[in-house]
Amino acid sequence: MKVVIPAAGLGTRFLPATKSQPKEMLPMVDRPIIQYVVEEAVAAGADDILIVTGRGKRTLEDHFDLSPELARREDSPELRQLDELSRRARIHFVRQREPKGLANAIECARYHTGAEAFGVLLGDTINVCDPPLLRQLWNRYEKYRAPVLAIEAVPDEKVQDYGIVAGPEVEPGVFRLEQLVEKPTLSKAPSRLGLTGAYVLTPEVYDAIDRTRPDPRGEVQLTDALQRLAGERPVYGATFVGTRYDIGDRFLWLKTNLLFAWDSPELRTRLRPVVESLLRDEPPH
């Protein structure tokens with residue numbers, strides 16, 4: 001399976017931390033966000049991964065490259081695990097020349113994916129699912145032989161932050177999509193089902209992207225391209241089993257760090273008195 005990971009965003013919500021480093025390289029407890037995403041892709045069966053980067057994101061390539069100096073260390077199982085990850089899938093990089101949106105970033109993969117269906121995972125979202133989310137979507141793709149998009153219900157106050165979709169339910173948790181709207185107001189949202197940023201797409205998406213007009217900011221929205229595609233052939237949305245961690249802003253990043261740290265028995269033991277003292281409005285020791 002080929003997987004495309006768009007990671008070319010500017011990360012403006014994290015400035016100044018992202019002025020000189022990609023937001024995808026921000027740490028999530030003990031490793032950068034992008035490593036979790038690549039691990040997720042490999043766990044789903046990916047053997048070929050294309051990461052779409054942008055200017056100033058060379059550290060993404062360096063992270064998955066071999067470091068001869070560190071490779072000599074025998075006391076670092078974490079580095080050995082990273083090296084093994086890089087060997088389990090071929091990892092390629094291509095640069096998005098201008099920040100023209102998600103659809104344009106995916107279009108950068110046109111000649112890499114060719115005539116094959118391919119998975120897409122965003123570089124700033126971690127999905128903890130069993131089986132892996134992309135595998136769940138791929139299983140749906142193998143049944144319907146059509147694009148499948150991960151969806152979940154979103155609260156009213158978050159509707160305007162998502163691509164919102166609607167259509168008839170063809171089996172429990174699977175919808176044939178008829179309406180896909182990018183970040184609508186609550187009153188114009190066709191449902192409360194939001195796109196979560198994981199997809200299995202087919203090559204027809206590239207032609208749909210080519211024929212989709214840019215928005216007022218000059219960006220071609222993937223949701224708009226998929227709406228065009230859904231008018232011409234089946235496109236499905238599927239709910240999934242598992243938990244999605246959006247890391248799109250500082251609060252969500254801090255929250256996910258805390259939740260992941262709490263899953264570690266060692267860190268939970270050390271964090272507990274800190275959290276308890278904060279809850280009592282006492283300075284932590």
Side-chain angles (χ1 to χ4, degrees), residues 2-15 18-19 22-26 33-34 37 41 49-57 60 92-113 118-125 134 137 147-151 154 158-165 177 179-185 188-190 193-232 235 237 244 246-249 252:
K2 290 184 176 179
V3 172
V4 177
I5 301 176
L10 298 177
T12 53
R13 293 179 180 178
F14 290 91
L15 287 171
T18 51
K19 181 177 183 294
K23 67 176 179 179
E24 296 84 5
M25 286 299 294
L26 292 173
I33 297 166
I34 190 66
V37 181
I49 296 172
L50 178 69
I51 301 178
V52 182
T53 68
R55 183 177 179 274
K57 298 210 172 193
L60 289 170
H92 314 269
F93 298 86
V94 65
R95 179 173 290 192
Q96 184 185 23
R97 292 177 59 86
E98 299 178 75
K100 290 187 175 181
L102 178 57
N104 179 256
I106 290 175
E107 202 277 333
C108 292
R110 181 192 297 258
Y111 298 108
H112 188 85
T113 60
F118 60 97
V120 176
L121 293 171
L122 299 189
D124 60 358
T125 301
L134 206 54
L137 298 181
V148 184
L149 325 176
I151 59 175
V154 298
K158 299 292 288 184
V159 162
Q160 63 183 5
D161 297 329
Y162 284 82
I164 300 296
V165 303
L177 302 183
Q179 294 177 274
L180 299 93
V181 185
E182 177 66 10
K183 298 181 179 179
T185 61
K188 294 184 178 180
L193 294 174
L195 298 172
T196 70
Y199 314 81
V200 171
L201 301 177
T202 56
E204 293 84 1
V205 73
Y206 295 124
D207 179 62
I209 291 172
D210 289 343
R211 294 183 289 116
T212 300
R213 295 173 60 89
D215 66 12
R217 297 187 299 174
E219 298 182 357
V220 177
Q221 298 297 334
L222 181 61
T223 305
D224 295 340
L226 292 171
Q227 171 68 80
R228 178 179 291 276
L229 188 61
E232 301 166 350
V235 173
R244 176 180 67 96
D246 182 359
I247 314 169
D249 60 34
L252 293 171

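All residue numbers in this chain count up from 1 along the given sequence. Both backbone and side-chain heavy atoms feed into the values below; hydrogens, waters and symmetry mates do not.
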Just list the side-chain donor-acceptor pairs under 3.5 Å for residues 5-14, sequence neighbours left out, or say none.
none

Checking Val159 now: which residues fulfil side-chain contact (heavy atoms from CB on, under 4.5 Å) with it, not counting sequence neighbours? Val154, Ile164, Pro184, Leu186, Ala189, Arg192
Do the side chain of Lys23 and the main chain of Thr18 share a donor and acceptor less than 3.5 angstrom apart? no
Excluding sequence neighbours, so at least two apart, what forms side-chain contact (heavy atoms from CB on, under 4.5 Å) with Arg211? Asp207, Arg228, Glu232
With sequence neighbours left out, write down each residue that passes side-chain hydrogen bond (donor to acceptor under 3.5 Å, both in side chains) with Arg95, or none if nothing qualifies. none
Those residues that, when tested against Asp161, pass salt bridge (charged side-chain N to carboxylate O under 4.0 Å, His left out) (two or more places apart): Lys158
With sequence neighbours excluded, residues passing ring pair (Phe, Tyr, Trp, His ring centres under 6.0 Å) with Phe118: Tyr206
For the atom pair CD1 (Ile34) and OG1 (Thr53), what is the distance rounded to the nearest 0.5 Å? 10.0 Å
Mind checking side-chain contact (heavy atoms from CB on, under 4.5 Å) for Arg217 and listing every partner two or more places apart, or none if nothing turns up? Asp215, Glu219, Gln221
side-chain contact (heavy atoms from CB on, under 4.5 Å) filter on Glu98, not counting sequence neighbours, yields Lys100
Does the side chain to side chain contact (heavy atoms under 4.5 Å, CB included) test come out yes or no for Leu60 and Glu24, once each step is laid out? CA-CA 8 Å; Leu60 289 170; Glu24 296 84 5; 3.9 Å; yes
Restricting to salt bridge (charged side-chain N to carboxylate O under 4.0 Å, His left out), what partner residues turn up for Arg97, sequence neighbours left out? none
Interatomic spacing from CD1 in Ile247 to CG in Leu122 - rounded to 0.5 Å: 11.0 Å
What residues form a side-chain hydrogen bond (donor to acceptor under 3.5 Å, both in side chains) with Thr202, not counting sequence neighbours? Glu204
Is there a donor-acceptor pair closer than 3.5 Å between any side-chain N or O of Gln227 and the backbone N or O of Leu180? yes
Can you tell me how far the CD1 atom of Ile209 sits from the CZ atom of Arg110, to the nearest 0.5 Å? 7.5 Å
List in chain and number order the residues that pass side-chain hydrogen bond (donor to acceptor under 3.5 Å, both in side chains) with Thr223, two or more places apart in sequence or in another chain; answer none if no residue qualifies. Glu182
Rounded distance [0.5 Å steps], CG in Leu252 versus OG1 in Thr125: 9.5 Å
Those residues at least two apart in sequence (or on a different chain) that pass salt bridge (charged side-chain N to carboxylate O under 4.0 Å, His left out) with Lys19 are none
Separation between CD1 of Ile49 and CZ of Phe93, rounded to the nearest 0.5 Å: 9.5 Å
Over 12 foreign heavy atoms within 6.0 Å of CD, Gln160: no
